[in-house]
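Since the model is a prediction, treat every value here as computed from it, not as a measurement. Basis for what follows: all heavy atoms, side chains included, without hydrogens, waters or symmetry-related copies.
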Amino acid sequence: MSQITIYHNPQCGTSRNTLELIRNSGEEPTVIEYLKTPPDRATLVRLIQDMGIEVRALLRIKGTPYEALGLGNASLSDEQLVDAMMEHPILINRPIVVTPLGTRLCRPSEAVLDLLPQPQRGSFVKEDGQVVIDEHGRKV
């Protein structure tokens, strides 16, 4: 079983790039398509704590019901924000990666490089054509 888990949305380019960077290190992570299998409340709260971020920092705005639900209201509690993410998993920003080296929201996708126990095994070019890892496996 892999020591790396990615909370993944296959429709998201950043998430796809992050997954491929993990694989480029020789790891095959546990992939959780969080829109199909959302984390339970305890897991979501633990992930937020492990990332060391505010609950609000995990909210995704674009392409979600964020505005319609009034989630920009600063008076909403963390519990209310987590409730919204539980009810509408699309509000959870992605990808979240968990490794023995830490837990992080990997935006941009290269943020995953600091979490990978193994180095990159070869070159890597993002879907948009940006070279991230050169032919020697070094970050560009």
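Criterion: ILVMFWY side-chain heavy atoms under 4.5 Å apart, direct or through other members. Under it, L105 and V112 are not part of a common hydrophobic cluster. Placement of V55 and V45 within a single hydrophobic cluster is found when ILVMFWY residues are connected by side-chain heavy-atom separations under 4.5 Å, directly or transitively. Under the 4.5 Å side-chain heavy-atom criterion for ILVMFWY residues, a single connected hydrophobic cluster contains both L44 and L76. Taking hydrophobic clusters as Ile, Leu, Val, Met, Phe, Trp and Tyr residues chained together by side-chain heavy-atom distances below 4.5 Å, I90 shares a cluster with I61. Hydrophobic cluster membership differs between L116 and M51, with clusters built from Ile, Leu, Val, Met, Phe, Trp and Tyr side chains linked at under 4.5 angstrom.
For the side chain to side chain contact (heavy atoms under 4.5 Å, CB included) test, residues two or more places apart in sequence or in another chain that qualify with R16 are H8, E127.
Closest approach of L59 and N93 over heavy atoms only: O-ND2, 4.2 Å. Nearest heavy-atom pair, P29 versus R23, reported as atom, atom and distance to 0.1 Å: CD-CG, 4.2 Å. When all heavy atoms of P10 and E33 are compared, the pair lying nearest together is CG-OE1, 3.6 Å. The two atoms that bring R107 and R94 nearest to each other are NH1-O, 2.8 Å, heavy atoms only. For the pair T14 and P95, the tightest heavy-atom approach, listed with the atom from each and the gap, is CG2-CD, 3.9 Å. Looking at every heavy atom in both residues, A84 comes nearest to L91 through O-CD1, 3.5 Å.
Proximity of I53 to I48: side-chain heavy atoms (C-beta onward) are separated by under 4.5 Å at one or more points. Looking at E87 and L69, their side chains never come closer than 4.5 Å, going by heavy atoms from C-beta outward. Here the side chains of P117 and P100 are in contact, with some heavy-atom distance below 4.5 Å. At least one side-chain heavy atom of Q120 sits under 4.5 Å from a side-chain heavy atom of L113. With contacts defined as side-chain heavy-atom distances shorter than 4.5 Å, the pair V140/V132 does not qualify. A heavy-atom distance below 4.5 Å is not found between the side chains of L71 and T64. The shortest distance between side-chain heavy atoms of Q130 and E110 falls below 4.5 Å. Proximity of V82 to E79: side-chain heavy atoms (C-beta onward) are nowhere separated by under 4.5 Å.
In this structure, S2 contributes its side chain and E28 its backbone to a donor-acceptor pair below 3.5 Å. Between the side chain of R104 and the backbone N or O of V97 there is no donor-acceptor pair closer than 3.5 Å. At distances below 3.5 Å, not a single donor-acceptor pair connects side-chain atoms of N24 with backbone N or O atoms of E20.
A distance of 9.0 Å separates CD1 of I96 from OG1 of T103, quoted to the nearest 0.5 Å. Here the straight-line distance linking atom OG1 of T30 with atom CD1 of I4 works out to 9.0 Å at 0.5 Å rounding. The CG atom of L19 lies 11.0 Å from the SG atom of C12; values are rounded to the nearest 0.5 Å. Between the CE atom of M85 and the OH atom of Y34 there is a distance of 11.0 Å, given to the nearest 0.5 Å. Annotation: the span from I92 atom CD1 to N9 atom CG amounts to 11.0 Å, rounded to 0.5 Å. To the nearest 0.5 Å, atom OG of residue S109 and atom CG of residue L21 are 5.5 Å apart.
Under 4.0 Å is where a charged nitrogen must lie from a carboxylate oxygen, and between K139 and D134 no such pair does.
At a cut-off of 3.5 Å, with distance as the only test, a side-chain donor of D40 or T43 sits close to an acceptor on the other residue.
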Could you go through the side chain to side chain contact (heavy atoms under 4.5 Å, CB included) check for R138 and I133 one step at a time? CA-CA 5 Å; R138 293 184 302 236; I133 303 296; 5.8 Å; no

Kindly indicate, with the supporting measurements, whether the criterion salt bridge (Lys or Arg N to Asp or Glu O under 4.0 Å) is fulfilled by D78 and R56. CA-CA 7 Å; D78 287 350; R56 190 169 290 284; over 6 Å; no

Run I32 and T5 through side chain to side chain contact (heavy atoms under 4.5 Å, CB included) and show every step you take. CA-CA 7 Å; I32 299 173; T5 299; 3.6 Å; yes

Determine whether N17 and D128 satisfy the following criterion, side chain to side chain contact (heavy atoms under 4.5 Å, CB included), listing intermediate values before the conclusion. CA-CA 10 Å; N17 284 321; D128 67 3; 5.8 Å; no

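With a 6.0 Å radius and a threshold of 12 heavy atoms from other residues, nucleotides or ligands, Q3 has its CD atom at or below the threshold. At most 12 non-hydrogen atoms from other residues, nucleotides or ligands lie less than 6.0 angstrom from CD of E54.
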